[in-house]
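As the structure is a prediction and not an experimental result, all values here were calculated from the model. Note that the numbering runs from 1 along the sequence shown for the chain. Ligands are counted one by one from 1 in listed order, and the atoms in each one are counted from 1 as well.
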Amino acid sequence: MKYQLPKLSYSFDALEPNIDAQTMEIHYGKHHQTYLDNLNTVLEKYPQLANEKLPTLLANYPDIDMDEKDKVFFKNNAGGYLNHNLYWEIMGPKKEINQSLASEIAAKYGSVDQFKELFTQMAISHFGSGWAWLVKDQSGILIIYSLPNQDSPYSKGHEPIIGLDLWEHAYYLKYQNRRAEYIKNWWNVLRLLNY
Ligand code: MN3
């Protein structure tokens with residue numbers, strides 16, 4: 001079975017003015033679609049992997065039974081597909097908060113605001129394209145870090161909880177070179193921690 005784009009639970013203009021409708025439309029309809037198409041194309045060559053879950057494949061990346069060239073292509077596009085699935089899911093127009101996540105974050109980082117500050121600094125200082133992540137490691141410990149390109153936390157055996165897209169295509173139409181402003185405003189649409 002082929003993978004598909006997830007259905008958005010909000011319209012392209014729902015995250016205005018923090019994320020503009022045109023960026024949403026191109027990001028979802030073009031960029032995400034391309035990762036998806038590439039992923040489906042490469043997987044067609046390997047029907048024996050059809051029943052494997054993508055996070056499992058990424059976690060066992062070095063051992064995937066694929067040509068070396070296809071492996072890299074698979075890693076980039078499976079990562080791009082999964083990363084964006086999460087990105088759309090954790091955003092939304094309504095103010096709401098996931099209380100259990102907020103408590104875990106406060107226990108680890110002192111407060112949700114302190115976590116946001118740390119995460120923001122890490123995202124701002126990430127060089128080039130990539131993502132800022134809050135993940136859980138194998139023991140369930142929260143960690144923040146950034147990864148380049150479309151690398152997925154699943155490749156490290158980690159479960160992604162919050163992912164912030166730092167590629168220019170995520171913000172350039174509205175923010176141009178002002179990545180810090182995009183990051184600051186993005187907290188307004190992160191429905192997991194928006195209060
Ligand atoms: Mn993107």
Side-chain angles (χ1 to χ4, degrees), residues 2-43 54-55 57-59 61 71-93 116 119-135 143-156 158-194:
K2 286 190 168 194
Y3 288 97
Q4 299 183 334
L5 280 190
K7 246 180 105 56
L8 292 184
S9 62
Y10 44 86
S11 59
F12 289 142
D13 64 358
L15 306 182
E16 295 260 14
N18 302 288
I19 297 183
D20 63 287
Q22 193 187 11
T23 294
M24 280 295 302
E25 187 171 357
I26 296 171
H27 199 176
Y28 173 84
K30 304 286 187 211
H31 293 278
H32 198 181
Q33 182 73 48
T34 301
Y35 297 121
L36 169 68
D37 291 344
N38 289 340
L39 171 66
N40 281 327
T41 301
V42 70
L43 284 178
L54 295 178
L57 286 172
L58 287 172
Y61 173 70
K71 258 168 86 163
V72 175
F73 192 75
F74 167 79
K75 177 170 82 84
N76 290 336
N77 288 288
Y81 173 65
L82 292 176
N83 293 347
H84 288 87
N85 285 357
L86 181 73
Y87 183 67
W88 311 130
E89 186 194 325
I90 62 177
M91 294 193 293
K116 286 183 174 180
F119 190 97
T120 297
Q121 285 311 318
M122 194 258 317
I124 287 172
S125 59
H126 179 86
F127 182 77
S129 295
W131 290 68
W133 292 105
L134 174 72
V135 304
I143 314 174
I144 54 179
Y145 54 64
S146 64
L147 293 176
N149 305 314
Q150 295 295 350
D151 287 6
S152 164
Y154 288 120
S155 300
K156 300 161 77 77
H158 296 163
E159 183 196 357
I161 309 293
I162 292 175
L164 170 58
D165 193 340
L166 298 174
W167 286 58
E168 285 187 345
H169 67 229
Y171 62 88
Y172 205 83
L173 289 179
K174 180 179 170 74
Y175 295 100
Q176 291 85 49
N177 61 324
R178 304 187 309 278
R179 181 189 272 187
E181 192 182 329
Y182 155 67
I183 295 168
K184 178 168 169 277
N185 291 346
W186 177 74
W187 295 111
N188 297 329
V189 293
L190 179 71
R191 62 178 186 80
L192 290 175
L193 294 176
N194 192 2

Below 2.8 Å, which protein N, O or S atoms neighbour the Mn ion (ligand 1), ignoring water? His27 NE2, His84 NE2, Asp165 OD2, His169 NE2

Taking C-beta and beyond as the side chain, do Glu168 and Asn177 meet within less than 4.5 Å on heavy atoms? no

Determine whether Trp88 and His32 satisfy the following criterion, side chain to side chain donor-acceptor pair (under 3.5 Å), listing intermediate values before the conclusion. CA-CA 10 Å; Trp88 311 130; His32 198 181; 2.8 Å; yes

Distance-only polar pair, side chains of Tyr87 and His27, donor-acceptor under 3.5 Å: no

Looking at Trp167 and Asn149, would you say the former's side chain and the latter's main chain have a donor-acceptor pair under 3.5 Å? yes

Do you know the tightest heavy-atom contact between Gly79 and Ser152? CA-CB, 4.2 Å

Assess whether side chain to side chain donor-acceptor pair (under 3.5 Å) is satisfied between Asn83 and Tyr35, documenting all intermediate values. CA-CA 10 Å; Asn83 293 347; Tyr35 297 121; over 6 Å; no

